[in-house]
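First up is the structure itself, then whatever we jot down about it.
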Amino acid sequence: CMWAEVGLSEDGHTYILVGTCRSECTAVVAFTPQELKQCQSSQWTVLEKTGSTGWSLKVELKSINSIATSIRVSLAPSSSPSSPMVKELKLCVDGDVFRVGHVTCLSDPSIVMGDTSNYTLPANTYTGSQLAPGEDFSQGRKNDYESVATDGCPLKLQQHGQTEASSSDVDSEGKWNNWFTATLKLTNTDNNPIAVTDAFGEYRSQDGQWIKCHATSIGQYHDISNFSLDPASIISLDVKLAIRFGDKAPATDASGYRAHPSLPQPLHLKVTFVDHKMRTSSVEFEQGNPPL
């Protein structure tokens, strides 16, 4: 067998070593950065070697406008000289220095494909919610749901903007929270003050059931705090709802700013406020994942 090694020397020269399994090195060629900027042709053969066992090796410099862009090495056995293994090493210019890039295998005769003429691929299987290719659930989400009050609760709720998703780190129990944040405008439509004493969030599952969220955060605090609204007053605050999971947390930032794959899309959420007279007012909002 034969082998080739391509690299950069300490003085910035690009070198190519060629050898066999019986010899440490049988040929070497080196280029200065200036020579690599003056290639003789777009595909310049700089070295050809045939081993004693019939193996043949060829090294070529590929260039654009006389500047070398890659080194291509072809290695063929004597039994199949027309089916060489071909690998290409990218080069890039950095001032007067050529940097060695990544290696790409262009062909490998040792990889033999089986006969697939009578083979039928099995049907695709899916788990969790499915996304049609290119479908973007983050666009056009409804954010003007009417708030629903009970027992004449004077608190009116309205969403501003879109619902954002995020993820927490894994805690000591090996679990993490999928958070959903919406900005709400709260209006006291009464002529008397109103005190909010509690709030809780829910999300709609795949089967259409409303399930209470693991945590609800109001404003800048993680714990729900009592607050009051003056007569005919308006305030704006952030509401964060958490759905808890025990599986593997998102591995990338992009997957962290999405609803969990097991959740329906678009995801419907709801927050309910309770006042000092145990009256309630709730509003629904949506979250949608962008395409991956």
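We're numbering straight along the sequence, starting at 1. It should be emphasised that the depicted structure is a prediction, and the values quoted were computed from it without experimental measurement.
- Across Ala68 and Leu61, no two heavy atoms sit closer than the pair CB-CD2, 4.4 Å.
- Hydrophobic clustering (side-chain heavy atoms under 4.5 Å, transitive across Ile, Leu, Val, Met, Phe, Trp, Tyr) groups Phe200 together with Met278.
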Before giving the answer on salt bridge (Lys or Arg N to Asp or Glu O under 4.0 Å), spell out for Lys175 and Asp169 the whole-Å C-alpha distance, their side-chain angles and the decisive distance to 0.1 Å. CA-CA 8 Å; Lys175 299 181 179 180; Asp169 294 330; over 6 Å; no
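- Summarising the geometry of Ser281 relative to Cys153, their closest heavy-atom pair is CB-SG, 4.0 Å, with the distance given to 0.1 Å.
- To the nearest 0.5 Å, atom CD of residue Glu284 and atom OG of residue Ser147 are 12.0 Å apart.
- If you chain together hydrophobic residues whose side chains sit under 4.5 Å apart, Leu47 and Leu75 fall into the same group.
- Closest approach of Ser262 and Gln206 over heavy atoms only: O-NE2, 3.2 Å.
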So Phe180 and Ser166, side chain to side chain contact (heavy atoms under 4.5 Å, CB included) or not? Walk me through it. CA-CA 7 Å; Phe180 301 93; Ser166 61; over 6 Å; no
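- A pairwise comparison of heavy atoms in Lys142 and Asp144 identifies NZ-OD1, 2.9 Å as the closest pair.
- The backbone N or O of Val283 sits nowhere less than 3.5 Å from a side-chain atom of Gln159 that would complete a donor-acceptor pair.
- Considering only heavy atoms from C-beta on, Leu186 comes within 4.5 Å of Leu155 through its side chain.
- Note that the CD atom of Glu48 and the OG atom of Ser56 stand 8.5 Å from one another [nearest 0.5 Å].
- Between Ile234 and Lys185, the closest side-chain pair of non-hydrogen atoms falls below 4.5 Å.
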Does the pair Ile243 and Leu263 meet the rule for a side chain to side chain contact (heavy atoms under 4.5 Å, CB included), with working shown? CA-CA 10 Å; Ile243 303 174; Leu263 297 172; 4.0 Å; yes
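- Checked by atom type and distance alone, the side chain of Thr189 pairs as donor or acceptor with a backbone atom of Pro154 at under 3.5 Å.
- Once rounded to the nearest 0.5 Å, the distance linking CD of Gln162 with OG1 of Thr181 reads 13.0 Å.
- Two residues are said to be in side-chain contact when any heavy atoms from C-beta on lie closer than 4.5 Å; Trp179 and Ser217 meet this criterion.
- Side-chain atoms of Asp230 do not come within 3.5 Å of backbone N or O of Pro193 as any donor-acceptor pair.
- Side-chain contact of Thr150 with Thr280: a donor-acceptor pair under 3.5 Å is present, judged by distance alone.
- Connection of Val239 to Ile235 is established within a shared hydrophobic cluster, with ILVMFWY side chains joined at heavy-atom distances below 4.5 Å, either directly or through further cluster members.
- Using modelled atom types, one side-chain atom of Thr163 and one backbone atom of Glu286 make a donor-acceptor pair closer than 3.5 Å.
- In this structure, CZ in Phe227 is found 5.0 Å from CZ in Phe273, a value given to the nearest 0.5 Å.
- Under the 3.5 Å distance criterion, the side-chain polar atoms of Thr272 are left unmatched by any main-chain donor or acceptor of Ser282.
- A donor-acceptor pair is defined here as one N or O able to donate and one able to accept, closer than 3.5 Å; no such pair exists between the side chain of Ser74 and the backbone of Pro84.
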Derivation and outcome, side chain to side chain contact (heavy atoms under 4.5 Å, CB included), residues His268 and Tyr145: CA-CA 11 Å; His268 289 256; Tyr145 284 94; 3.4 Å; yes
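- There is a path of hydrophobic side-chain contacts, each under 4.5 Å, that joins Leu241 to Leu237.
- Panel note: side chain Asn178, backbone His260; a donor-acceptor pair is recorded below 3.5 Å.
- Here CZ of Arg258 is found 10.5 Å from OG of Ser167. Values are rounded to the nearest 0.5 Å.
- Environment of NZ in Lys270: crowded, with over 12 heavy atoms of neighbouring residues, nucleotides or ligands closer than 6.0 Å.
- When all heavy atoms of Arg204 and Pro264 are compared, the pair lying nearest together is O-CG, 3.4 Å.
- Listed for the Ser168 side chain is a donor-acceptor partner under 3.5 Å among the backbone atoms of Asn177.
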Going through the checks in order, is the side chain to side chain donor-acceptor pair (under 3.5 Å) test met by Asp238 and Thr183? CA-CA 4 Å; Asp238 286 342; Thr183 301; 2.7 Å; yes
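- Side chain of Asp190 to backbone of Ile194: no donor-acceptor contact under 3.5 angstrom is found.
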Take Val196 and Asp198, measure what side chain to side chain contact (heavy atoms under 4.5 Å, CB included) needs, and give me the verdict at the end. CA-CA 6 Å; Val196 175; Asp198 197 7; over 6 Å; no
Could you check Gln265 against Gln287 for side chain to side chain donor-acceptor pair (under 3.5 Å), going step by step and ending with a plain yes or no? CA-CA 8 Å; Gln265 280 292 298; Gln287 179 274 338; 3.2 Å; yes
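- For Ser205, the side chain to side chain contact (heavy atoms under 4.5 Å, CB included) criterion is met by Asp207, Gln209, Ile211, not counting sequence neighbours.
- At a threshold of 4.0 Å, the pair Arg72-Glu60 does not count as salt-bridged, since none of the basic side-chain nitrogens sits closer than that to a carboxylate oxygen.
- Side chains of Lys58 and Thr45 form a contact here, defined as non-hydrogen atoms less than 4.5 Å apart.
- To the nearest 0.5 Å, the span separating CD on Gln38 from CH2 on Trp44 amounts to 9.5 Å.
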Going through the checks in order, is the salt bridge (Lys or Arg N to Asp or Glu O under 4.0 Å) test met by Arg244 and Glu173? CA-CA 11 Å; Arg244 195 162 176 80; Glu173 298 178 354; 3.4 Å; yes
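- Hydrophobic clustering (ILVMFWY, side-chain heavy atoms < 4.5 Å, transitive): Val46 and Ile71 are in one cluster.
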Would Lys90 and Glu88 count as a salt bridge (Lys or Arg N to Asp or Glu O under 4.0 Å) if you check the C-alpha gap in whole Å, the side-chain angles of each, and the deciding distance to 0.1 Å? CA-CA 6 Å; Lys90 295 295 184 182; Glu88 190 170 79; 3.3 Å; yes
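- Under a 3.5 Å cut-off, the side chain of Thr187 and the backbone N or O of Leu157 do not form any donor-acceptor pair.
- Looking at every heavy atom in both residues, Arg279 comes nearest to Asp151 through CD-O, 3.2 Å.
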